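A quick write-up on the structure given underneath.
The analysis underlying the following values was restricted to heavy atoms, covering all of them including side chains, and did not include hydrogens, waters or symmetry mates. The model shown is predicted, which means the values in this text are computed figures rather than measured ones.
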Number of protein chains: 2
Amino acid sequence: MADKDLRERIKEVAVEHFNTNGYHGTTIRNIAKDVNCSLPMIYYYYKNKKELFDEIIKKEYFNLLEKQASLLKIDNVIDFYTKFIYDLNSLSNYDKQVYRLGIKVYLSFDGDEELMNLMDEWEKSILPRHREILKPHMKNVNNEKAVVRTLVHLLETMIENIVVKNRYLPEDEIREEISIVLQSCG
Amino acid sequence: MADKDLRERIKEVAVEHFNTNGYHGTTIRNIAKDVNCSLPMIYYYYKNKKELFDEIIKKEYFNLLEKQASLLKIDNVIDFYTKFIYDLNSLSNYDKQVYRLGIKVYLSFDGDEELMNLMDEWEKSILPRHREILKPHMKNVNNEKAVVRTLVHLLETMIENIVVKNRYLPEDEIREEISIVLQSCG
DNA sequence: TCCTTAATTTAACGTTCGTTAGAATTATAG
DNA sequence: CTATAATTCTAACGAACGTTAAATTAAGGA
C-alpha cells in the first residue's frame, strides 16, 4: 500500500506536527491520521513518542547543521556569507522544518535538557569556526573578536528570519547587512 | 492563608510552567501544586487554561514591550542602544520569563494564530520606530535603510541571548557590536 | 447572633492521551 | 503450495488531562 517508505513518511509528518504544536501538543493519533496509517504502526517503527522526536533532532537536525558547516569555500568573505545565508531560502520544506524544530528545541520550549546540552556544545564551536574563516581577511582590523561576534549574531537573526519565521530574505538585503558589519575587511 | 494575592501568584507560577513545558505540556494540576492551592482555585480566578495563557501574553508581555519602547531619551545613539540592551540583564526574573514566553509564542511553538498576528503587527512598528531614532544621526550615511535593518537584527539576537537563552551580556560587548554597525554614524 | 457573600475544597465527569496485546493480513522464500 | 516472517489492523488498557458540580469553610456587616 505504501508508495514511499512508511517509516520516512511518519518522520516527515511528525516534523510538521512537532513544529506546529510542540512536543506535548503533538499526538501519535494525529500523526497516524495524516500519514494515513493505523496508530500502532508508529510504534512498529519507533519505540515511543520520545524516540521519534529524538531521531528528528539528533539525526536530521544535526545532519543539516553539519552539511551547512561544510560548505566552506572562501575567496570573498562577503560573497561567502551572503551565499551561506541566501541558500537557506531554498532549503526543502522538510529541511526547513527540521531546522526550525531544532532552533525551537534549542530555545528550550519543551525543556529537554539532554538535547539542549548537545546544542550548547555545537554553539561553542561556532565562534572559533567563523574566526578561522575571517582571520586572513582581517589583518588591518583591531577589534577582530568583536567583529566576528557581531557577524555571528547577525547571521543568527537572519537564519531565524528565514527558517523560523519562514520569511524570504532577498540576496541584496543579506549582502547589505553583512557588508555593514564586515566593512573594515576586504 | 494567602500571603500574597493568590490570583497573582497563580499567574507567576503559570509563566514558569508555560516557559518550561510549553502550553500543552503545562497542566493546571501542576500549577496548583506549585501554588499550593487546590486545582479549582485556578478556575475561580481564570475562566480556563487558555485565558490564563492569554492574559500573560496580552497583558504582561505587551506591557513589557511598551514600557521598553517608551524609554526613548537620546543624545548619543550608541550609548542609548547599549543601555537599551544592557538593562535587559537586570530585568526581574518574572519580567524575563514573560519576555521569554512572548518570544517563544512569536516563534509559534504552540501555534496560536491570534497571538501571532498581534505580534506581527508589533514587529511592523519596530523598523520605523528605530528609523526615527536614528534619522538625525545619519546625515552622511547613504545606506540608511540597511543600517537600521542591520541594527534591529543585531538587537534581536542580543535580546534573545539575554532573555531567551538567559545569558548575561557585558556592557562593553554590547557596545562593541552596536558600534560596529553604527560606525558610520556619530 | 445570623445571614450573605466570598474563598476554598473534595470528588467526580467525560475525553483524550501514550501504549500494548493479539489477531489478521501480506509478503517472502523454500 | 506451504511455512515463516514481516506488516498492519482492531480493540482496549490505565493514566492523566481540562473542567465542573456541589459541599465546606471563612469573613463581614446587620
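Rotation axes derived from the C1' atoms of the five outermost pairs at either end of the helix from C:dC2-D:dG29 to C:dG30-D:dC1 lie 0° apart, to the nearest 10°.
Between A:Glu132 and A:Lys135 there is a salt bridge, since at least one side-chain N of the basic residue sits less than 4.0 Å from a carboxylate O of the acidic one.
Residues in residues 165-185 of chain A take part in no ring pair (Phe, Tyr, Trp, His ring centres under 6.0 Å) pair, two or more places apart or across chains. Under the salt bridge (Lys or Arg N to Asp or Glu O under 4.0 Å) criterion, no residue pair touches residues 20-34 of chain A, with sequence neighbours excluded. Each salt bridge (Lys or Arg N to Asp or Glu O under 4.0 Å) pair with one or both residues in residues 161-173 of chain B, not counting sequence neighbours, appears once here: A:Asp120-B:Arg167, A:Glu123-B:Lys165, A:Glu123-B:Arg167, A:Arg149-B:Glu173, A:Glu156-B:Lys165, B:Glu171-B:Arg175.
Under the side chain to side chain contact (heavy atoms under 4.5 Å, CB included) criterion, B:Tyr44 pairs with B:Met41, sequence neighbours left out. Evaluation of the side chain to side chain contact (heavy atoms under 4.5 Å, CB included) rule for A:Glu55 yields A:Arg7, A:Lys11, A:Tyr46, A:Lys59 as partners, not counting sequence neighbours. B:Lys58 pairs by the salt bridge (Lys or Arg N to Asp or Glu O under 4.0 Å) definition with B:Asp54, B:Glu114, not counting sequence neighbours. Considering only residues two or more places apart in sequence or on other chains, A:Lys83 meets the salt bridge (Lys or Arg N to Asp or Glu O under 4.0 Å) condition with A:Asp87. Every residue two or more places apart in sequence or in another chain that forms a salt bridge (Lys or Arg N to Asp or Glu O under 4.0 Å) with B:Glu144 is listed here: B:Arg131. The side chain to side chain contact (heavy atoms under 4.5 Å, CB included) search around B:Asn36 returns none, not counting sequence neighbours.
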Interface polar pairs with nucleotides 16-23 of chain C, N/O, under 3.5 angstrom:
{"from": "C:dG18", "atom 1": "OP1", "to": "A:Thr26", "atom 2": "O", "distance (Å)": "3.1"}
{"from": "C:dG18", "atom 1": "OP1", "to": "A:Lys49", "atom 2": "NZ", "distance (Å)": "2.9"}
{"from": "C:dG18", "atom 1": "OP2", "to": "A:Ile28", "atom 2": "N", "distance (Å)": "3.1"}
{"from": "C:dG18", "atom 1": "N7", "to": "A:Arg29", "atom 2": "NH1", "distance (Å)": "2.7"}
{"from": "C:dG18", "atom 1": "O6", "to": "A:Arg29", "atom 2": "NH2", "distance (Å)": "2.8"}
{"from": "C:dT19", "atom 1": "OP2", "to": "A:Tyr43", "atom 2": "OH", "distance (Å)": "2.8"}
{"from": "C:dT19", "atom 1": "OP2", "to": "A:Lys49", "atom 2": "N", "distance (Å)": "3.0"}
{"from": "C:dT19", "atom 1": "O5'", "to": "A:Tyr43", "atom 2": "OH", "distance (Å)": "3.4"}

Within the sub-3.5 Å range, which N or O atoms of nucleotides 5-7 of chain C have a protein N or O partner, and how far apart are they?
{"from": "C:dA7", "atom 1": "OP2", "to": "B:Tyr44", "atom 2": "OH", "distance (Å)": "2.7"}

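As a whole-Å value, the separation of A:Asp5 CG from D:dA6 P is 16 Å.
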